[in-house]
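See below for the structure under consideration.
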Amino acid sequence: MEIAGKIAEFLFGKKPGRGMMLFGLTIVLIVLIMAIFAPWIAPYDPTQSSDDVFAPPSGEHLMGTNRLGQDMFSRIVWGSRIVLYVVFIATLISMAIGIPLGLVSGYYGGKTDRALSVVMDSIYAFPALILAIVIAVVLGPSPLNTAIAISFVYVPTYFRMVRGQTLSLKGQLFVEAAHAIGAKNREIMFKYILPNLAPTILVVFTLSVADAILTEAGLSFLGLSVTPPTPDWGYDLRVGQPFLLDGYWWLVFFPGVMIMLLAMAFALIGEALNERVSLGTR
Amino acid sequence: MHGLKYASVNPMKRRYLPALLIFLMVFSVVASGCIGGGGGEEKTSTIVIGVTDKVTDLDPANAYDFYTWEVLNNVMEGLVKYKPGTLEIEPGLAEKWEVNEDSTVWTFYLRKDLKFADGTPLKAQDVVRSIERVMKIQGDPAWLVTDFVDRVEAKDDYTVVFYLKQPTSYFLSLLTTPPYFPVHPNYAPDQIDSDQTAGGAGPYMITKWVRDEELVLEANPNYYGEKPKTEKIIIKFYRDASTMRLALQNGEIDIAWRTLRPSDINSLKEEGKLKVIEVPGGFIRYVCLNTKTEPTSNVKVRQALAAAIDRKEIAEKVFMGTVEPLYSLIPNGMWSHKDVFKDKYGDGNLELAKKLLQEAGYSESNPLEIQLWYTPTHYGDTEADLAQMLKEQWEKTGMIKVTIKSAEWGTYVDYARKGQMQVYLLGWYPDYLDPDDYTTPFLKSTANSWAGTGYANPTVDELLTKAQTLTSQDERAKLYEQVQEILAEEVPYIPLIQGKLFVVTQENVKGVIIGPDMIFHYAHLYKE
Amino acid sequence: MARGLGQYILIRALMIIPTILILYTLVFFFLRILPGNPVMAVVGTKNIPPEQLEHLMEMAGLNKPLYVQYFDYLKGILHGDFGVTLAFPMGKPVWDYISQRFPATLELAIWAFTVSVLLGLITGVLGATKKGTKVDTSMRLYSIIAYTLFIPWFGMMLQYVFGIHLHWLPTSGRLDPGVDLHTITGLYVLDSILTGNWEALVSSIRHLILPALTLGIVLSGAYTRLVRNNMVDVLSQDFIRSYQARGVPDRKVLWYALKNAFIPVVTLMGLQFAILLGGAVLTETTFSWPGMGTFLVDRIDYRDYNAIQGAVIFFAFFVGVISLIVDIVYAILDPRVKY
């Protein structure tokens, strides 16, 4: 209970950025609900075509219909599943690779560390989207493949952060103390150093999720993420673009807004967390 | 010459009329005799054409895509050509020809006054050089020559003789394709010359070429035939159809050509400010079914899939009426075409499909599971919609479950050739206009490995080989009809739709003539 | 000191080599994981006999063992040879494309970069000087919103409003058709000025506005934050306080503060440039901008190994050079940097 209270205090306490945090969490919650309860929320089958094509937003179709007469609102609701799935899998993969590598590399140092750092820095410095495009094309369009392509470009983000922090923590008193009581290297890394990194990892996590949402949307926009008729925001934006000329703005407007709202929600949470974390360390 | 006159009326000129007159007088003295009745100082007439297709390779030894072929057709010419707007062969660079009894030796007599655009004379040796060049380079379309021609000889400066490998009744239609076009000596003799602009002896010549941006054609002064009605043609390359449509609506281009989206064509039609010209096209779309692997190796399954498809719904919904349903591999309007699939299955025949599926051992609780493949960019934006629509139609039977898969073009083609896909969408642009080109490459077991359906039927092979050698169209037609019946029975392919071509122009553009060969000859174009 | 700087630059420059190697290796093998190749993409559904297919593969050099292909291409790169395209058409130097497409991307990047830095400075300074007020909060929000703007969406909205609806600005391409421009550098604005071609100047600027704004605004968010935070830090430092105490005018104090706050911004620029190039792919696709991004996307469709490898290597090299320049500028600006 006490921990829960602490977390609640950490998240919602009267600290700077409370508004941002609340706003961000609300949006994320709404999208989560959309994803979980999609079958009950969506009024239509998102993949079912109908004769009612290019219907503008109305009571019947909240966000209008597209060229095949599919209900855009239903597609938006179901589309949340794909985005969340891809982004979380991608982030988890990159954390699972980046964090341990960063820890080991930073802790032991030496040649491996230098080699790894060069590789990671190279990928990090390269335009992420371009690399993701190349990988996504090769793997072919499916949510899991997209997640893998995206995870690839965020591994260095975690690696660099964790390695840097490990380097600076390595020399601190509590680590030396742990050595003194005979703790093994692995224990020190995962029991002593890692927990200290948790807040920073949390911040980087939310920020990289925000970024990954945009990357996923970018890949989908280029047609590299899902196959139809799977509802996906970025993909719907892509197929809606040609119809802007005919004034069918709703095909583009709503998917884009959803992408940005979700990305913004995570960015706001990250921002608020960041302030809390830096307050704590100062 | 209408266009030239109108384009010259321009207020600037009136003000400088006296000076102009003097200039013209001096000029006409100097130039008299050389120019004849030409327009003299008249402002050149120009028409701007927008396209989203690319010109890939200006070398006919390697170019193998429709739009590039069109450009080559405008800057080069073959020994024979199609009469504008028809499938009738008429003399081109050759003024007459003869053929031996079993159509294996073809002799062509060239015109005497032929010149390339820069004035270099064009002789029989140039024809031979160009064709041998194609055979040596072995570029993509080389088979159009090497599969048929054994050797080619220049008997004298004006006589070319082709010795063919086997009797080929439709050799003249082959001769209308770019690999047979004589090219300027500037083309590198034994390698691909992608950006060579020297061209051949066509109505136009290339005067500016910026890849992916702009191609400028001007009337070839040394062309033997009638001068083009419009002096200068500018081709603008667009990356996407929306941009091209906007440019047309803003009056930046006179003609929007290959390829606007169905939705764009529809809205432009409705708007009514521009002319939308519709031309029947010979390209076809179809579903390939792998006859070697489960479950499509079962002919009942293939028949069921064919029966459940509703082509009219596809044409209306996916292509917004810009295509027509197709019930055979031989396109509508070509001799020997028969609506075999319509007669046998009809459209959206769910009852029949269910019956066939039951016979094949499937039911609602034990549905047929298939993977439908498509490729996202090669056939345009509508491809994903087409796949979705097919999925929906098949699933309507309640006894089929469809998973849609996609792969980008380079991989897709490889999968197809290796027979690694089950049910997949492909399309076909004809190489030459003959039923042979719509049947042999699909159904003849020695020629259809590219499609990956693994289809082989000795009877069909025999019929097709026979049809190739016969010269009587009536006799050939009978054989092709037989082949189509077998196709509908065994269903290695399900024909879906046949494309139409759309040219959208400003009101004042006249002279759009596109024949069944789908090549736009710019020389007839003019502005009013 | 001078020698130190020289050495530093040399080491940093040498660091570009492993970067390129790593990216090349990654891309080389990634491209070859799946079946299919550029020859297939060209041949497509055409009924080409197997012997001819073999011949085409040979021409493209694709029948050699992988490691030979790998080192052959690498050898070429060392000589500045990016190979030839393998599809549509086969055999045209990749460098011809890069030299034609890159200036377009560079021009877009320069303008977007300028927009982003200017906007970032303005909003950042506003936030810092009005620290703690509503202005500050809204600038902070601006920074987050700008950062999360989805480029294609934002671009389309601008196209819709200013292009399709109001007809004020063109929505794609670099020049109006019919406008002739003699290119020298490939940067159209610069070329029009150099050749005194006013028609082309107006046309190219009009075409640049929407894409540069789209990309520039999206990237400005990161600067807003950094400038604001740095300005706040600097403004609270002693030397600024003493200026203020001595009665130096506010505007001048602000100028000093800005100059000092600018140094960390420079470090961000290197990283931002990589993000900018990624964003340029989306911007170029949205606005049909004939740059490296659209080139890469087109070539990926054809599986044109050499072109993709060439483009990626070129990107890596370019990003490396930019970050090198940024580091040098930073080293010169900030004497505290140790080499």
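Bear in mind that the values here come from a model prediction, so they are computed numbers and not experimental data. Each chain gets a letter, A, B and so on, in the order the sequences are listed, and its residues count up from 1.
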Where does [X] contact chain C at under 4.5 Å (heavy atoms): side chain, backbone, both or neither?
| X | answer |
| --- | --- |
| A:Phe152 | side chain |
| A:Ala128 | neither |
| A:Leu131 | side chain |
| A:Phe253 | both |
| A:Leu245 | both |
| A:Gln241 | both |
| A:Leu222 | side chain |

Discussion item. Less than 4.5 Å to any heavy atom of chain A: does that hold for the side chain of C:Ile22, its backbone, both, or neither?
Written reply: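 C:Ile22 touches chain A through side-chain heavy atoms alone.
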Discussion item. For C:Thr137, which atoms come within 4.5 Å of any heavy atom of chain A: side chain, backbone, both, or neither?
Written reply: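 C:Thr137 has no heavy atom closer than 4.5 Å to chain A.
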Spatial distance of atom [atom1] ([X]) from atom [atom2] ([Y]) [nearest 0.5 Å]:
| X | Y | atom1 | atom2 | value |
| --- | --- | --- | --- | --- |
| A:Asp121 | C:Met15 | CG | CE | 6.0 Å |
| C:Ile16 | A:Ser122 | CD1 | OG | 10.5 Å |
| A:Met260 | C:Phe154 | CE | CZ | 9.0 Å |
| A:Leu244 | C:Tyr160 | CG | OH | 7.0 Å |
| C:Arg140 | A:Glu271 | CZ | CD | 5.5 Å |
| A:Ile133 | C:Thr285 | CD1 | OG1 | 7.0 Å |

Fill in: Output field: ring centroids C:Phe318/A:Phe126 closer than 6.0 Å
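Ring-ring flag for C:Phe318/A:Phe126: false, centres at least 6.0 Å apart.
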Most heavy-atom pairs under 4.5 angstrom with chain A, which of [options]?
| options | result |
| --- | --- |
| C:Val297, C:Thr171, C:Val312 | C:Val312 |
| C:Gly279, C:Pro18, C:Ala274 | C:Ala274 |
| C:Val27, C:Ile275, C:Leu141, C:Leu149 | C:Leu149 |
| C:Leu21, C:Leu26, C:Leu296 | C:Leu26 |

Specify the closest pair of heavy atoms between [X] and [Y], including all atoms of both residues, with the distance to one decimal.
| X | Y | value |
| --- | --- | --- |
| A:Val252 | C:Met156 | CG1-SD, 3.5 Å |
| A:Pro127 | C:Val319 | CD-CG2, 3.8 Å |
| A:Leu237 | C:Pro152 | CD2-CB, 4.1 Å |
| C:Arg225 | A:Asn274 | NH2-ND2, 4.0 Å |
| A:Leu214 | C:Thr148 | CD2-O, 3.6 Å |

Discussion item. Looking at C:Phe113, I'd like to know if its CZ atom is crowded, meaning that more than 12 non-hydrogen atoms belonging to other residues, nucleotides or ligands lie closer than 6.0 Å.
Written reply: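 More than 12 heavy atoms, drawn from other residues, nucleotides or ligands, come within 6.0 Å of this atom.
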Worksheet item: Are any non-hydrogen side-chain atoms of C:Thr286 and A:Phe221 less than 4.5 angstrom apart?
Response: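 Yes, at least one pair of side-chain atoms sits under 4.5 Å.
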For residues 215-224 of chain C, dump all side-chain donor-acceptor pairs below 3.5 Å to protein atoms at least two apart in sequence or in another chain.
| from | atom 1 | to | atom 2 | distance (Å) |
| --- | --- | --- | --- | --- |
| C:Ser220 | OG | C:Tyr142 | OH | 2.7 |
| C:Ser220 | OG | C:Ile217 | O | 2.7 |
| C:Thr224 | OG1 | C:Thr123 | OG1 | 2.8 |
| C:Thr224 | OG1 | C:Ser220 | O | 3.1 |

Worksheet item: If you count heavy-atom pairs under 4.5 Å between each of A:Leu129, A:Asp211, A:Val138 and chain C, which one has the most?
Response: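 Highest number of pairs under 4.5 Å: A:Val138.
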